[in-house]
Amino acid sequence: MLRKKYDSLAMKTLIKWYTVIPVNVHYRQLLKTLLMVQGLLALICGTAVTSQYLASVYYLNTPMPQSFINYTLLGITYTVALIFGRGDGNILQILKTKWWKYLLLGLTDVEANYAMVKAYQYTTLTSMQLLDGFIVPVLMILSWFFLKTRYRIIHYVAVYICLAGVGAMVGADILAGQDQGSSSDILHGDGLVLVSATLYAISNVCQEYTVKNLSSVVFLGMVGLFESIISAIQLGILEHDEVFDFSPFSSSLILAGYALCIYGFYSFMPVVIKMSSATAVKLSLLTGDLFSLFCGLFLFQYTFSGLYIVSLVVILVGFIMFNTVPTLNPASDEEGCDNHAAEFDNDSTQGCVFEITCAQAEQDI
């Protein structure tokens, strides 16, 4: 009788550890993702600050030459890696069957970047921040149809909270007088922002599918190859005169800083998306304008408002809510892998089944 009692106690202790460990691991993974996203935000902030310096100090507004440098670096690094790859990971094998898919993906990403930069010439920064949140619902719709992701009510609530944070950020901009940018043709500029957001959503969904089913190197290598070619053609047609505006002694160092930041962002982004999802990462990146603003407080004497802190906290709360509950994938009748909660939900389910089985066995004894 005493032996049965000790066996029962040991079994309960084992069950407790079995069901609790996955939850602890999940929150550690969530914290890891959150920290990695801050690295992405730092890189975005670096691109924003260097672009601001190039535009305000050196009067250079050259989106295509700046993007071309990034795409070329991606090609040199990752496309070369694919050249020396073996089997299905070799660039020749990929080009034989999927070249047109990566061509369209490269075209989508190039034009998304170009449309967003051109929008600054027509609309205000406040409008761009508000409309940039449009990418989140587009991402969710595309993920629903193409990635078969099924969201729960808490995910929609989390997105609403994040977009409310964006609204607070826009309100802070207005109160602080940071409604910067041209307003020569707001309707045209807002249309460019919406087009850019839609193209970004398409690119991000394709990126999520590629990095989760193939690899980050395949995505970056093929995108770097086609985007460098597309941007070179577009640069030669639209902005060939601006190439000669660069001064090798004054702006080249800042341009190099911009290139390194945007290259790091492109290289790091697939890693974070593979750990989470394109939608979750985009929700966290909504705070990117805030990080740029905090740098602007010291570098460009921006005016500070307490609403910026409120908006940062609100967006982070929405991001954490989105990642704490797994999405559904009815195609496989299992939990999806759109966020970290999904990765450990099956483990928790197995733990519950194990607990019930052991409880029944204990009763039989």
Side-chain angles (χ1 to χ4, degrees), residues 36-37 39-55 58 60-83 91 102-120 132 135 196-197 199-204 206-207 210-211 215-240 242-246 248 251-273 278 281-282 285 288 291-292:
M36 294 179 70
V37 167
L40 289 178
L41 292 173
L43 293 171
I44 291 178
C45 181
T47 61
V49 171
T50 51
S51 295
Q52 182 70 16
Y53 262 111
L54 289 173
Y58 300 101
L60 294 175
N61 186 13
T62 53
M64 287 312 302
Q66 292 171 230
S67 298
F68 175 73
I69 295 174
N70 169 51
Y71 301 145
T72 303
L73 290 175
L74 291 175
I76 292 174
T77 306
Y78 299 101
T79 306
V80 171
L82 290 180
I83 292 176
I91 189 171
Y102 290 106
L103 173 62
L104 293 177
L105 179 57
L107 180 64
T108 299
D109 191 68
V110 169
E111 299 310 321
N113 287 326
Y114 186 76
M116 183 62 74
V117 174
K118 294 297 290 185
Y120 278 102
D132 191 39
I135 189 176
S196 176
L199 294 177
Y200 271 132
I202 296 173
S203 176
N204 289 341
C206 294
Q207 182 177 9
T210 305
V211 300
S215 71
S216 300
V217 176
V218 171
F219 173 80
L220 292 172
M222 298 306 297
V223 163
L225 172 64
F226 286 107
E227 287 185 345
S228 58
I229 296 173
I230 295 170
S231 61
I233 296 173
Q234 193 163 333
L235 172 62
I237 297 174
L238 300 177
E239 297 184 3
H240 56 276
E242 285 80 355
V243 176
F244 301 100
D245 291 338
F246 289 99
S251 60
S252 56
L253 185 61
I254 296 178
L255 181 62
Y258 171 86
L260 290 176
C261 287
I262 192 66
Y263 171 77
F265 176 79
Y266 267 74
S267 300
F268 201 33
M269 181 79 161
V271 178
V272 184
I273 286 182
V281 172
K282 183 55 187 177
L285 293 181
F291 279 75
S292 301

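Quick note: numbers below take in every heavy atom, side chains included, and nothing from hydrogens, waters or symmetry partners.
- With sequence neighbours excluded, the residues forming a side-chain hydrogen bond (donor to acceptor under 3.5 Å, both in side chains) with Ser267 are Tyr78, listed by chain and number.
- Annotation for Thr108 and Leu199: closest pair CG2-O, 3.3 Å, computed over non-hydrogen atoms.
- Take Ile91 and apply the side chain to side chain contact (heavy atoms under 4.5 Å, CB included) test, not counting sequence neighbours, and it matches Thr79, Leu82, Ile83, Leu95, Met222, Leu225.
- The structure places CG of Leu107 at 4.5 Å from CD1 of Ile230, a figure rounded to the nearest 0.5 Å.
- Shown here are the side chain to side chain contact (heavy atoms under 4.5 Å, CB included) partners of Leu105, two or more places apart in sequence or in another chain: Tyr102, Ser203, Cys206, Phe219, Val223.
- Scored by the side-chain hydrogen bond (donor to acceptor under 3.5 Å, both in side chains) test, Tyr266 finds Asp109, Asn113 as partners (sequence neighbours excluded).
- For Ile273 against Ala278, the heavy-atom pair with the smallest separation is CG2-N, 4.1 Å.
- Applying the side-chain hydrogen bond (donor to acceptor under 3.5 Å, both in side chains) criterion to Tyr263, with sequence neighbours excluded, gives Thr77.
- Here OG of Ser67 is found 9.0 Å from CD of Glu227. Values are rounded to the nearest 0.5 Å.
- The CE atom of Met269 sits 11.5 Å away from the CG atom of Leu43 when rounded to the nearest 0.5 Å.
- A search for side-chain hydrogen bond (donor to acceptor under 3.5 Å, both in side chains) contacts involving Ser215 returns nothing, not counting sequence neighbours.
- Under the side chain to side chain contact (heavy atoms under 4.5 Å, CB included) criterion, Ser196 pairs with Ala112, Ala115, Met116, Tyr200, sequence neighbours left out.
- Side-chain contact check for Thr50 versus Cys261: every heavy-atom pair is 4.5 Å or farther apart.
- Nearest heavy atoms, Ile135 versus Ala197: CG1-O, 3.4 Å.
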If you apply the rule side chain to side chain contact (heavy atoms under 4.5 Å, CB included), what do you find for Phe265 with Leu285, and how did you get there?
CA-CA 12 Å; Phe265 176 79; Leu285 293 181; 4.2 Å; yes
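- Looking at residues two or more places apart in sequence or on another chain, you find a side chain to side chain contact (heavy atoms under 4.5 Å, CB included) between Ile69 and Leu73, Leu255, Ala259.
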Apply side chain to side chain contact (heavy atoms under 4.5 Å, CB included) to residues Asn204 and Val281 and explain how you reach the verdict.
CA-CA 10 Å; Asn204 289 341; Val281 172; over 6 Å; no
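- In this structure, OG in Ser231 is found 5.5 Å from CZ in Phe68, a value given to the nearest 0.5 Å.
- Taking CG of Leu220 as the reference point, atom CD of Gln207 lies at 7.0 Å (rounded to 0.5 Å).
- The minimum heavy-atom distance linking Gly224 with Leu74 is given by the pair CA-CB, 3.9 Å.
- To the nearest 0.5 Å, atoms CD1 (Ile44) and CD1 (Ile262) are separated by 8.0 Å.
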